[in-house]
Amino acid sequence: MNSEASEGVQRIVILGSTGSIGLSALDIIAHHPGELEVVGLAARRNVDRLEEQARAFRPRYVAIQEEAQATTLRQRLRDLPVQVWGGSEGVERIAQIEEADLVLSAIEGTAGLLPTLAAIRAGRDVALANKEPLVAAGNLILEAARGRVRIIPVDSEHSAIFQALEGHRHSQIKRILLTASGGPFRGRTREELERVTSEEALRHPVWDMGPKVTIDSATLMNKGLEVIEAHWLFGVPAEAIEILVHPQSIVHSLVEFVDQTMLAQLGLPDMRAPISYALCYPKRIPAHYPALDLTAVGQLTFYQPDHACFPCLSLAREALRAGETVPAVLNAANEVAVSSFLRGEIRFTQIPELIEEVISAHRPEAATDLEVILSADRWARAEAGALVDSWNGAPSG
């Protein structure tokens, strides 16, 4: 654990620097040059934006997951004193650099699992912005981190819970209430959902996020994944984690304690707030973004989610109860389903149908080994892809 993080400059590696979380993090860092410093940047494939970031923030190390792009990036950055690494190995390598106090893990999907584990095993504190590593391999990640490093949640909901629990014992939690905006299709019927398009699904009414997370919000799978994540982060059983639809997205989550007291964290729906908290924890720094005005909001409303229209919630809970490799399969099948929907290969309502079929065909194994989890992930992706092909009449094999 990095004890010097609360003193002097906090040195940060950003995994996924060209995505929405990475961009927000760099915006915060740019406004606090005496307190936050970028020492490493990593991205999947956006070589143009990564070059711009390297020139603006002058990190010592840069990595890009697509090996072919690494040669291009080295050539472009040859005038700067920066080391450029390529491939998945390069991203894992940058997650382990000694100069870092904190690694912000924001690479979307299961692709973030290996570099997150690499950072933890190297003794780096992790600000965790992607749900998938804990969903797929929560036990392995917590086991690697236990007593060595801090895992600070960045998701607005889990950041809210983390903040509400400061100074309180986890044993005194009665339940956790995860809030959900309800996405763009709150109140729609099953028949209406059959006809929605990817363009409609990508128009989130409140949050500005990447495509995959936005679709997960539309199906409410993001809340299902967050239930699994909260279970691992806070040691709370699934039955003690509930979901409330809160369209205003002002209350970011609540904790109810055994004495019936509830603590909530409130703020505008701006990811810079939980990112800022994670980057500087346990210190808070002044914000450069708008403040919450409750009189302007006027009303806060809460509803029960519609499990019948949004079955991904139940699928995620069932996967958590099943344990073993089932959550990893759920996650992988969901990634394939979302990509297939965005490409127009399946309908919106077929996303949960695809996930359920893949889980039903899976033979669970004990998730005690990373290779077992990765094997289950690969199997689920292949199975989901084959199902999509069969639904579209493509020949098998």
Side-chain angles (χ1 to χ4, degrees), residues 88 105 107-117 128 130-144 155 212-213 215-233 237-239 241 243 307 310-343 345-392 396:
S88 298
S105 178
I107 292 178
E108 193 175 85
T110 310
L113 172 57
L114 291 177
T116 299
L117 265 176
L128 191 60
N130 55 333
K131 304 172 181 66
E132 291 83 2
L134 278 178
V135 170
N139 188 52
L140 290 183
I141 286 176
L142 291 189
E143 186 179 306
D155 258 355
K212 195 266 181 184
V213 180
I215 301 302
D216 280 350
S217 179
T219 64
L220 294 194
M221 177 57 91
N222 67 325
K223 290 300 131 182
L225 298 179
E226 285 171 14
V227 169
I228 299 173
E229 190 179 7
H231 162 74
W232 290 114
L233 282 170
E239 55 269 22
I241 305 169
I243 294 167
H307 290 267
F310 300 96
C312 285
L313 287 173
S314 298
L315 289 173
R317 284 190 179 277
E318 290 164 11
L320 177 57
R321 281 192 287 268
E324 299 188 310
T325 49
V326 178
V329 167
L330 167 96
N331 180 71
N334 179 60
E335 287 190 27
V336 173
V338 169
S339 296
S340 300
F341 171 66
L342 288 172
R343 290 194 300 267
E345 296 169 351
I346 63 174
R347 297 188 308 277
F348 182 79
T349 52
Q350 287 182 301
I351 293 175
E353 292 173 10
L354 180 67
I355 296 165
E356 187 171 18
E357 285 208 33
V358 173
I359 290 175
S360 296
H362 178 58
R363 295 181 179 179
E365 296 183 62
T368 54
D369 178 80
L370 181 59
E371 185 47 46
V372 171
I373 293 169
L374 294 177
S375 176
D377 177 274
R378 290 190 295 268
W379 174 87
R381 290 174 193 278
E383 182 75 9
L387 276 170
V388 171
D389 288 342
S390 70
W391 289 354
N392 285 289
S396 61

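Since we're looking at a predicted model, the values are computed, not measured.
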Colleague: If every non-hydrogen atom of I228 is compared with every non-hydrogen atom of A316, which pair is closest and at what distance?
Modeller: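 Closest approach of I228 to A316, heavy atoms only: CD1-O, 3.8 Å.
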Colleague: Got a sec: does the CD of Q350 have more than 12 other heavy atoms crowding it under 6.0 Å?
Modeller: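 Enclosed: over 12 neighbouring heavy atoms sit under 6.0 Å from CD of Q350.
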Colleague: Tell me the closest heavy-atom pair linking P352 and L315, and the distance in Å.
Modeller: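 Scanning both residues completely, I find the closest heavy atoms to be O-CD1, 3.6 Å.
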Colleague: Heavy atoms, side chains only, cut-off 4.5 Å: are V329 and R363 in contact?
Modeller: no
Colleague: For residues 315-339, pull every pair meeting ring-ring contact (aromatic ring centres under 6.0 Å, His included), keeping only residues two or more places apart or in separate chains.
Modeller: none
Colleague: Main chain of E345, side chain of N392: is a donor-acceptor contact present, judged purely on distance under 3.5 Å?
Modeller: yes
Colleague: Output the distance between atom SG (C312) and atom CD (E353), rounded to the nearest 0.5 Å.
Modeller: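 Here the rounded value is 10.5 Å.
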Colleague: Nearest 0.5 angstrom please: N334 CG to T219 OG1, how far?
Modeller: 6.0 Å
Colleague: Supply the atom-to-atom distance E132 CD to D216 CG, rounded to the nearest 0.5 angstrom.
Modeller: 7.0 Å
Colleague: Between R378 and E371, does any side-chain N to carboxylate O distance fall below 4.0 Å?
Modeller: yes
Colleague: Kindly indicate whether the side chain of I351, heavy atoms from C-beta on, has any atom under 4.5 Å from the side chain of I215.
Modeller: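 With C-beta onward as the side chain, the pair touches.
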Colleague: First locate atom CG of L140, then atom CG of L134, and finally report the distance between them rounded to the nearest 0.5 Å.
Modeller: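 If we round to the nearest 0.5 Å, L140:CG and L134:CG are 10.5 Å apart.
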Colleague: Any chance you could lay out the side chain to side chain contact (heavy atoms under 4.5 Å, CB included) test for E383 and V336, step after step, and finish with the verdict?
Modeller: CA-CA 10 Å; E383 182 75 9; V336 173; over 6 Å; no
Colleague: Quick one: does N130's side chain get under 4.5 Å of V213's, heavy atoms only?
Modeller: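 Side chain of N130 against side chain of V213, heavy atoms only: no contact under 4.5 Å found.
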Colleague: Is there a donor-acceptor pair under 3.5 Å between the side chain of S375 and the backbone N or O of V372?
Modeller: no
Colleague: Run the numbers on L354 and W391 for side chain to side chain contact (heavy atoms under 4.5 Å, CB included), then give the verdict.
Modeller: CA-CA 10 Å; L354 180 67; W391 289 354; 3.7 Å; yes
Colleague: Mind checking whether L370 and L114 have side chains closer than 4.5 Å, heavy atoms only?
Modeller: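 With C-beta onward as the side chain, the pair touches.
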Colleague: How close do I107 and P115 get, counting heavy atoms only, and between which atoms?
Modeller: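 Scanning both residues, the minimum pair turns out to be CD1-CG, 4.4 Å.
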Colleague: Which pair of non-hydrogen atoms, one from G112 and one from S105, has the smallest distance, and what is that distance?
Modeller: O-OG, 4.2 Å
Colleague: Do N222 and D155 come close enough that some side-chain heavy atom pair is under 4.5 Å?
Modeller: no
Colleague: How close do A136 and I373 get, heavy atom to heavy atom, and via which atoms?
Modeller: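 Distance-wise, the nearest heavy atoms are O-CG2, 3.6 Å.
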Colleague: Are the charged groups of E226 and K131 less than 4.0 angstrom apart, N to O?
Modeller: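 Answer for the salt bridge query: yes.
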Colleague: With sequence neighbours left out, write down each residue that passes ring pair (Phe, Tyr, Trp, His ring centres under 6.0 Å) with F310, or none if nothing qualifies.
Modeller: none
Colleague: Taking the side chain as every heavy atom from C-beta outward, state whether L330 and L320 have any pair of such atoms under 4.5 Å apart.
Modeller: no
Colleague: Any idea how F348 and F341 line up, ring-wise: parallel (<30°), tilted (30 to 60°), or perpendicular (>60°)?
Modeller: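 Ring orientation of F348 relative to F341: perpendicular.
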Colleague: Kindly determine whether T110 and R381 satisfy side chain to side chain contact (heavy atoms under 4.5 Å, CB included), including the steps that lead there.
Modeller: CA-CA 11 Å; T110 310; R381 290 174 193 278; 3.1 Å; yes
Colleague: Should we say atom CZ of R343 is surrounded by more than 12 heavy atoms from elsewhere, each under 6.0 Å from it?
Modeller: yes
Colleague: Stepwise, does the side chain to side chain contact (heavy atoms under 4.5 Å, CB included) test hold for L225 with M221?
Modeller: CA-CA 6 Å; L225 298 179; M221 177 57 91; 4.0 Å; yes
Colleague: Of all the heavy-atom pairs spanning I346 and A337, show the shortest one and how long it is.
Modeller: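 Minimum heavy-atom contact is CD1-O, 3.5 Å.
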Colleague: Side-chain contact test, heavy atoms from C-beta onward, threshold under 4.5 Å: evaluate it for I141 versus W232 and give yes or no.
Modeller: no
